[in-house]
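Notes for the one structure printed next.
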Amino acid sequence: FKKIDLHVHTPASDCFLDKTVIPEQIVQKCIGAGLSAIAITDHNTGVWIDKVKTAAKGKGLIIFPGVEITVGDAHNHIIAILDVNKTTRDIEDLLATLGILHGQLGKKETFVQKSVVEVIETITGSKFNGIAVLAHVDSTNGVFDQMKGEPRKDVIQHPKLLAVEAINYEEVTKLLDGADPVYQRKLTVYQSSDNPCLDDSGKMISNGSSAGKHCLNGIGFRFTYFKVDDSITLESLRQCFIDSEVRVRQ
């Protein structure tokens, strides 16, 4: 089992508080937190992926290229994770396919004018062969908060959706354990940090100018243990989502 954080922001995101942070600091923070792998998931950009991969080279930290995509004017957030051999260019190709152009990169208010289902199908299709995850599904900008009725049910039941990220892990697990009469779907539920800003006691800052921002010290604030191969790849992560009872520990 490897300790992994699949939702990490860098200064490439507009809402990352300290723009003086450099890639080497992100890598060192991850290593200090005991993480074996992370996904770089900035808002609507992949510009820092190659920078962090370069800083991590030879240090035993695996970097998954990813992106947090804002979908629709309701601002649902979907995470795309690509294989470890992919680069900034691959994430930019994905975003261009979804209609996000260079001048819109990195901005939280930028949004894809497609449905959540269409975005999931683009991420997981043969061109990108990625993993699509509903980001913080039970919080603001999550599908549980922003979608209702049949559209939300259709997203949860989509066969290409393998996992959701949750804030309230136990509550979401109860809804997605396969027994709920509405969703009728068993999905992997896991936690990642979304690296919030923390106070001196290690608690998330919920008010003031740092609330809702991303900070270096929040990396690894939440995480999950995944039973992956010795060489951590997207396929080994995919198998964890498919066989979560054996391969995922919260």
Side-chain angles (χ1 to χ4, degrees), residues 4-16 23 26-27 37-57 61-136 141 143 155 158-165 192 194-195 214 228 231-241:
I4 298 177
D5 185 351
L6 291 175
H7 193 161
V8 173
H9 290 273
T10 77
S13 292
D14 271 357
C15 45
F16 193 95
I26 290 175
V27 171
I38 61 169
I40 297 297
T41 54
D42 284 308
H43 289 292
N44 305 308
T45 183
V47 70
W48 261 55
I49 289 166
D50 290 354
K51 297 176 184 179
V52 178
K53 289 180 78 169
T54 297
K57 189 171 292 185
L61 178 70
I62 299 299
I63 309 298
F64 283 102
V67 62
E68 186 172 8
I69 303 165
T70 308
V71 183
D73 55 8
H75 285 196
N76 287 295
H77 287 191
I78 311 298
I79 288 175
I81 304 173
L82 303 187
D83 206 354
V84 294
N85 62 354
K86 302 301 182 182
T87 65
T88 289
R89 180 63 180 270
D90 294 292
I91 291 297
E92 289 179 347
D93 286 348
L94 170 62
L95 293 172
T97 300
L98 292 170
I100 295 180
L101 303 181
H102 185 76
Q104 301 170 303
L105 297 177
K107 296 177 172 58
K108 193 174 181 179
E109 63 272 16
T110 293
F111 65 91
V112 172
Q113 298 183 38
K114 295 180 181 293
S115 71
V116 172
V117 166
E118 287 174 319
V119 172
I120 291 171
E121 290 176 347
T122 301
I123 295 167
T124 60
S126 59
K127 183 176 181 179
F128 298 103
N129 194 32
I131 293 174
V133 175
L134 303 184
H136 39 70
N141 300 128
V143 163
V155 169
H158 196 287
K160 293 294 186 179
L161 180 69
L162 300 182
V164 304
E165 176 193 76
S192 300
D194 197 15
N195 49 317
H214 304 294
V228 292
S231 57
I232 302 173
T233 65
L234 190 72
E235 285 310 308
S236 64
L237 187 62
R238 199 189 310 271
Q239 287 304 311
C240 290
F241 290 147

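Here, residue 1 is the first one in the sequence, and each next residue gets the next number. Hydrogens, waters and symmetry mates play no part in the numbers below; they use all other heavy atoms, side chains included.
We find the CG-CG distance between L94 and L82 to be 6.5 Å, quoted to the nearest 0.5 Å. How far CZ of R238 is from CD1 of I81: 10.0 Å, rounded to the nearest 0.5 Å. Distance check, rounded to the nearest 0.5 Å: OG1 of T41 to CD1 of I49 gives 9.0 Å. Distance check: I62 CD1 to T233 OG1 gives 9.5 Å after rounding to the nearest 0.5 Å. How far OG1 of T122 is from CG of L98: 5.0 Å, rounded to the nearest 0.5 Å. Distance CD1/I40 to CZ/F64: 12.0 Å, rounded to 0.5 Å.
Residues V112 and T70 form no side-chain contact, since every pair of their non-hydrogen atoms from C-beta on lies 4.5 Å or further apart. Residues I232 and V84 form no side-chain contact, since every pair of their non-hydrogen atoms from C-beta on lies 4.5 Å or further apart. P23 is not listed as a side-chain neighbour of T54, based on a closest heavy-atom distance of 4.5 Å or more. Residues P11 and I26 are in side-chain contact: their nearest non-hydrogen atoms beyond the backbone lie under 4.5 Å apart. At a threshold of 4.5 Å between non-hydrogen side-chain atoms, the residues L237 and L6 count as touching. E165 is listed as a side-chain neighbour of I79, based on a closest heavy-atom distance under 4.5 Å.
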Name every donor-acceptor pair, under 3.5 Å, that has one atom in a side chain of residues 128-136 and the other anywhere in the protein, sequence neighbours excluded.
residue : atom : partner : partner atom : Å
H136    : ND1  : S139    : OG           : 3.3
H136    : NE2  : E68     : OE2          : 3.0

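Taking both residues in full, the closest heavy atoms of T110 and N44 are given as O-ND2, 3.3 Å, listed atom of the first, atom of the second, then distance. Nearest heavy atoms, L61 versus A56: O-CB, 3.8 Å. Closest non-hydrogen pair, T45 versus I91, comes out as C-CG2, 4.2 Å. What you find for T97 and K114 is that their closest heavy atoms are O-CE, 3.9 Å. The shortest non-hydrogen separation linking H9 to H7 is NE2-NE2, 3.1 Å.
Although no hydrogens or angles enter the test, the distance criterion places a donor-acceptor pair under 3.5 Å between the side chain of K53 and the main chain of K86. When atom types are taken as modelled, the side chain of T88 and the backbone of G46 share a donor-acceptor pair closer than 3.5 angstrom. Panel note: side chain D42, backbone T10; a donor-acceptor pair is recorded below 3.5 Å.
When ring centroids are compared, H43 and H214 come within the 6.0 Å threshold.
Within a 6.0 Å radius of CD in E118, other residues, nucleotides and ligands contribute more than 12 heavy atoms.
Each ring-ring contact (aromatic ring centres under 6.0 Å, His included) pair with one or both residues in residues 103-123, not counting sequence neighbours, appears once here: H75-F111.
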For this session: Evaluate the criterion side-chain contact (heavy atoms from CB on, under 4.5 Å) for residue pair I69 and I123; output intermediate values, then yes/no.
Result: CA-CA 10 Å; I69 303 165; I123 295 167; 4.0 Å; yes

For this session: Could you go through the side-chain hydrogen bond (donor to acceptor under 3.5 Å, both in side chains) check for T87 and D50 one step at a time?
Result: CA-CA 6 Å; T87 65; D50 290 354; 4.6 Å; no

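Applying the salt bridge (Lys or Arg N to Asp or Glu O under 4.0 Å) criterion to E121, with sequence neighbours excluded, gives no partner residue.
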